*Asks:* 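Take this structure, written in structure tokens, and hold onto it; I'll ask about it next.
Note that this is a predicted model, so its numbers are computed, not measured. Lettering follows sequence order; numbering is per chain, from 1.
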Amino acid sequence: MTAATAATRADVAPAVPPSRAGGPHPDVRVVRRRLGPGPRTRLSFWVGPLLLLAVWAVGSWAGFISPAVLTAPWDVAKEFQNQWVDHDLLGNIGTSLRRSVLGLTLGVLGGVVLAVASGLSRVGEALIDGPIQIKRSIPTLALIPLFVAWFGIGESMKVTTIALITLIPIYVNTHNALRGIDGRYAELAETLDVGRVEFVRNVVLPGALPGFLLGLRFAVTVSLLGLVVVEQFNSESGIGHVMTLAQQYGQTSVIVVGLVIYGVFGFLADTAVRLIERRALSWRRTLEG
Amino acid sequence: MATHPGGLTSTEAPAVRVRDLHRSFNRSGGVLEGLDLDVAPGEFVAVLGRSGTGKSTLLRALAGLDRDVDGYGEIEVPVAVSVVFQDSRLLPWKRLLDNVTFGLRAPDADERGRRALAEVGLAGRERAWPYELSGGEAQRASLARSLVREPQLLLADEPFGALDALTRIKMHELLRRLCEVHRPAVLLVTHDVDEAIVLADRIVVLDGGTVQTDVRVELTQRSPVAPGFGELRDFLLGRLGVQEHLGADFIAPGRRRATSATPS
Ligand SMILES: Nc1ncnc2c1ncn2[C@@H]1O[C@H](COP(=O)(O)OP(=O)(O)OP(=O)(O)O)[C@@H](O)[C@H]1O
Ligand SMILES: [Mg+2]
């Protein structure tokens, strides 16, 4: 009875001050429509890929996707097992990963050093920026014959190629972010008598970090893509090698195994970079949240 | 041209000595044209002047931030100069304590940073990110960053310009207290005549590229109700080309400037 009275009273008198909202009174403040993406939900980044897998599985099962077009997931799994047991798939994955990690590391280091050098000095810019832009506009595929001529067809050619193609997105994005750092921070550093090294460490690098991480996401992807290309040349191992062979023998299922491995690595690597990004950029207040 | 007796009272060497300072941004005319100014050690000088009279230009010259500006003249400033900007200019990627101690080369930098933050009432916020601070808190943090260096000269360009009236009054008390403890010479640019009178030992008004007025503030009490406050305020407002209790014959500051600033 009393509860009913209270509810009625609240209904006829909705103008309670916000401080007294709650309890039996309804909350009457105006909650604005949200324009950003809203709070983060855990594991949400798995939803899209899993959905894709589901569509693939259902399509194959129902016959919409013919095996000639795309091998069914369970056949891919069988082929995966076959490759794993009989053809040292793990060893091939290991070789490919080693090449791509090594190349990526060199490319990242080179890209950052060049971006800082060309971003902070006019001499550096004059020397570095032009050649990088030229390199950028030449397709890597077209460069490979040249690299083969320079570095032979061994590991060093493969790692160098990957380093050079990952260097580009790192350089471009880091350089761009670095040039975009608010000039007032440089002015501040000058009034605080900060030296050049300290300036780079405390202002330039953190300021360019968002751009660098974006570049890293691109670089990770192209380092995997580069594998396919470089492993076509005189390889005895590696995922790209396995796929090239499968193509010659028309083994679609093996190709799909390779594609899935690429997809999984690309996705995991990108997720890792984004986790780093969220950690490292917690000082920002953005839509990312 | 009219100058009240101001300037140095002691025979000490001044902390700031500016002679015949010229600065111009283009051929058409100079912003500063032969400016002379002395500031004694520990003296608090407020700089007033209409918008565009070169207050920021003067401050940037003293801070050594005007490499790309044309001009000449003599400037002597102490070694330890700190600048407080109108925006708090905290590095967004550094936590508060790291912002305060940025560039501070001392073995006990962290300890000094903590003490400075406590002095401005921000104890316990050492690990906050700048985006978590209110405008007033951010400005206090930037004050802490300036004072932790124990400057002999503190340059501040409208440091409280973006704050609300109440926070401003609190910041005035804070700044006065801090200046009494640390005793730097201070050059504070402001638009607010009351702020200048409340804070400064001496007030200079810039116009036509030079110090046009230079008055010493000799009030028994630093409050708008103190005897003499109103007169000084009216005098300064007059010097700025504003008359109190303006009627219909209000003259826009821009037009006044055009008539008064034509020495050439
Ligand atoms: N970087 C610049 N390039 C060109 N002109 C400039 C530059 N900085 C200032 N000026 C000009 O110099 C004059 C003085 O500028 P300054 O910023 O010193 O004025 P101020 O007294 O600080 O004004 P305010 O009170 O509005 O801040 C202005 O006319 C301004 O337009
Ligand atoms: Mg200004």
Side-chain angles (χ1 to χ4, degrees), chain A residues 36 39-40 112 115-116 119-122 173-174 176-216 273-289, chain B residues 56 59-69 77-106 109 113 127-133 138 141-142 144-157 159 187:
Chain A
R40 190 194 311 287
V112 169
V116 171
L120 290 186
S121 94
R122 295 292 168 196
N173 288 287
T174 309
N176 187 43
L178 194 155
R179 279 289 164 90
I181 295 174
D182 197 330
R184 293 176 307 169
Y185 295 137
E187 205 175 86
L188 168 75
E190 284 163 14
T191 69
L192 298 178
D193 279 329
V194 168
R196 193 152 263 253
V197 175
E198 248 187 305
F199 174 62
V200 170
R201 202 158 54 84
N202 293 291
V203 178
V204 174
L205 293 182
L209 191 60
F212 165 76
L213 287 171
L214 179 63
L216 188 57
V273 177
R274 287 169 75 163
L275 282 178
I276 297 173
E277 202 168 42
R278 214 188 305 152
R279 279 277 163 111
L281 302 183
S282 54
W283 49 268
R284 286 202 308 187
R285 193 168 44 176
T286 59
L287 287 186
E288 177 69 23
Chain B
S56 299
L59 227 62
R60 293 176 62 80
L62 293 178
L65 290 174
D66 63 344
R67 290 168 305 258
D68 304 327
V69 184
V77 289
V79 184
V81 180
S82 279
V83 183
V84 183
F85 298 93
Q86 177 165 9
D87 56 318
S88 55
R89 218 165 283 198
L90 300 170
L91 298 174
W93 47 80
K94 281 183 172 293
R95 293 179 188 276
L96 213 47
L97 183 61
D98 296 329
N99 255 298
V100 169
T101 57
F102 178 38
L104 188 61
R105 279 171 294 269
R127 289 187 52 76
W129 293 115
Y131 80 79
E132 297 171 322
L133 301 182
S142 96
R145 177 181 58 200
S146 293
L147 291 172
V148 80
R149 273 144 247 274
E150 297 290 340
Q152 291 157 289
L153 173 62
L154 184 68
L155 300 170
D157 194 350
L187 218 62

*Asks:* Determine, stepwise, if the pair A:T191 / B:L65 fulfils side chain to side chain contact (heavy atoms under 4.5 Å, CB included).
*Replies:* CA-CA 8 Å; A:T191 69; B:L65 290 174; 3.7 Å; yes
*Asks:* Please find the pair of heavy atoms, one from B:F85 and one from A:L188, that lie closest to each other, and give the distance.
*Replies:* CE1-CD1, 3.9 Å
*Asks:* Which atoms of B:F102 are under 4.5 Å from chain A, going by heavy atoms: the side chain, the backbone, both sets, or neither?
*Replies:* both
*Asks:* Do B:P130 and A:W283 make a side-chain contact, defined as non-hydrogen atoms from C-beta onward lying under 4.5 Å apart?
*Replies:* no
*Asks:* I need the minimum non-hydrogen distance between A:S282 and B:Y131, along with the two atoms involved.
*Replies:* O-CE2, 3.9 Å
*Asks:* At a heavy-atom separation under 4.5 Å, does B:L90 approach chain A through its side chain, its backbone, both, or neither?
*Replies:* backbone
*Asks:* Can you list every salt bridge (Lys or Arg N to Asp or Glu O under 4.0 Å) pair that touches residues 77-97 of chain B, not counting sequence neighbours?
*Replies:* A:R184-B:D87, A:E187-B:R89, B:D87-B:R89
*Asks:* Counting only N and O atoms by type, is there a donor-acceptor contact under 3.5 Å from the side chain of B:W93 to the main-chain atoms of A:N202?
*Replies:* yes
*Asks:* Does A:D193 reach the side chain of B:R149, with side-chain heavy atoms less than 4.5 Å apart?
*Replies:* no
*Asks:* Is B:R67 atom CZ crowded by more than 12 heavy atoms from other residues, nucleotides or ligands, each under 6.0 Å away?
*Replies:* yes
